[in-house]
S.K.: 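The structure that follows is given in the form of structure tokens.
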Amino acid sequence: MKTISKNIKFLRLKMGWRQREVVELLKISIPAFSKIETGVTDVNINRLRQIADLFKISIVDMFSSDFTGLKSADR
């Protein structure tokens, strides 16, 4: 799940969003989202789908790719 957590944070920062903006769209608390981004808590499939939709990527990409090694223009 570490790759997913890193990818979520990377994508959020790439979009120029603060955690507050994302949690309002996902309708969750900042502490809950922070735990997702840091890998403290696992993400259930429904929440993962919601996050993937928000960033306009597939759930499979969230598992199979490490976005942190990509330049912004690559993704």
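Numbers for residues simply follow the sequence, beginning at 1.
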S.K.: Minimum heavy-atom separation for Ala52 and Ser58, please, with both atom names.
M.R.: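 Shortest heavy-atom contact: CB-C, 4.2 Å.
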
S.K.: Closer than 3.5 angstrom, by distance alone: can the side chain of Thr38 be matched with the main-chain N or O of Ser34 as a donor-acceptor pair?
M.R.: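 It does hold such a pair.
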
S.K.: Using the ring-ring contact (aromatic ring centres under 6.0 Å, His included) rule, collect all pairs that involve residues 30-57, keeping only residues at least two apart or in two chains.
M.R.: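 Listed once each, the pairs are Trp17-Phe55.
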
S.K.: Just verifying a value: how many Å separate Asp61 CG and Lys56 NZ, rounded to the nearest 0.5 Å?
M.R.: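 If I round to the nearest 0.5 Å, the distance is 14.5 Å.
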
S.K.: Which value, rounded to the nearest 0.5 Å, describes the distance between Ile8 atom CD1 and Ile57 atom CD1?
M.R.: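 These two atoms lie 8.0 Å from each other.
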
S.K.: Please tell me if the side chains of Phe63 and Ile4 come closer than 4.5 Å, counting only heavy atoms from C-beta onward.
M.R.: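 A side-chain contact exists here, since the closest heavy-atom pair is under 4.5 Å.
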
S.K.: Do you know which two heavy atoms are closest between Ile36 and Thr41, and how far apart they sit?
M.R.: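 Closest approach of Ile36 to Thr41: N-CG2, 3.7 Å.
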
S.K.: Taking Glu21 for the side chain and Arg18 for the main chain, is one N or O donor matched with an acceptor at less than 3.5 Å?
M.R.: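 A pair under 3.5 Å: yes.
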
S.K.: With sequence neighbours excluded, give me every salt bridge (Lys or Arg N to Asp or Glu O under 4.0 Å) pair touching residues 25-37.
M.R.: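 Those involving residues 25-37 are Arg12-Glu37.
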
S.K.: Group every Ile, Leu, Val, Met, Phe, Trp and Tyr by side-chain heavy-atom contacts under 4.5 Å, then state whether Val43 and Ile30 land in the same group.
M.R.: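 Val43 clusters together with Ile30.
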
S.K.: Quick check: closest heavy atoms across Met62 and Asn7, and the distance to 0.1 Å?
M.R.: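 Scanning both residues completely, I find the closest heavy atoms to be O-ND2, 3.2 Å.
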
S.K.: Taking side-chain contact (heavy atoms from CB on, under 4.5 Å) as the definition, give me every residue that meets it alongside Arg49, ordered by chain and number, with sequence neighbours left out.
M.R.: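 Residues passing side-chain contact (heavy atoms from CB on, under 4.5 Å) with Arg49: Ile45, Asn46, Asp53, Ile59.
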
S.K.: Would you name the heavy atoms of Gly39 and Ser5 that are closest together and state the gap between them?
M.R.: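 It is CA-OG, 3.2 Å.
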
S.K.: Does any non-hydrogen side-chain atom of Leu13 lie less than 4.5 Å from one of Lys9?
M.R.: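 Side-chain contact under 4.5 Å: yes.
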
S.K.: List for me each residue that meets side chain to side chain donor-acceptor pair (under 3.5 Å) alongside Gln50, sequence neighbours excluded, and say none if there are none.
M.R.: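 By the side chain to side chain donor-acceptor pair (under 3.5 Å) rule, Gln50 matches Arg47.
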
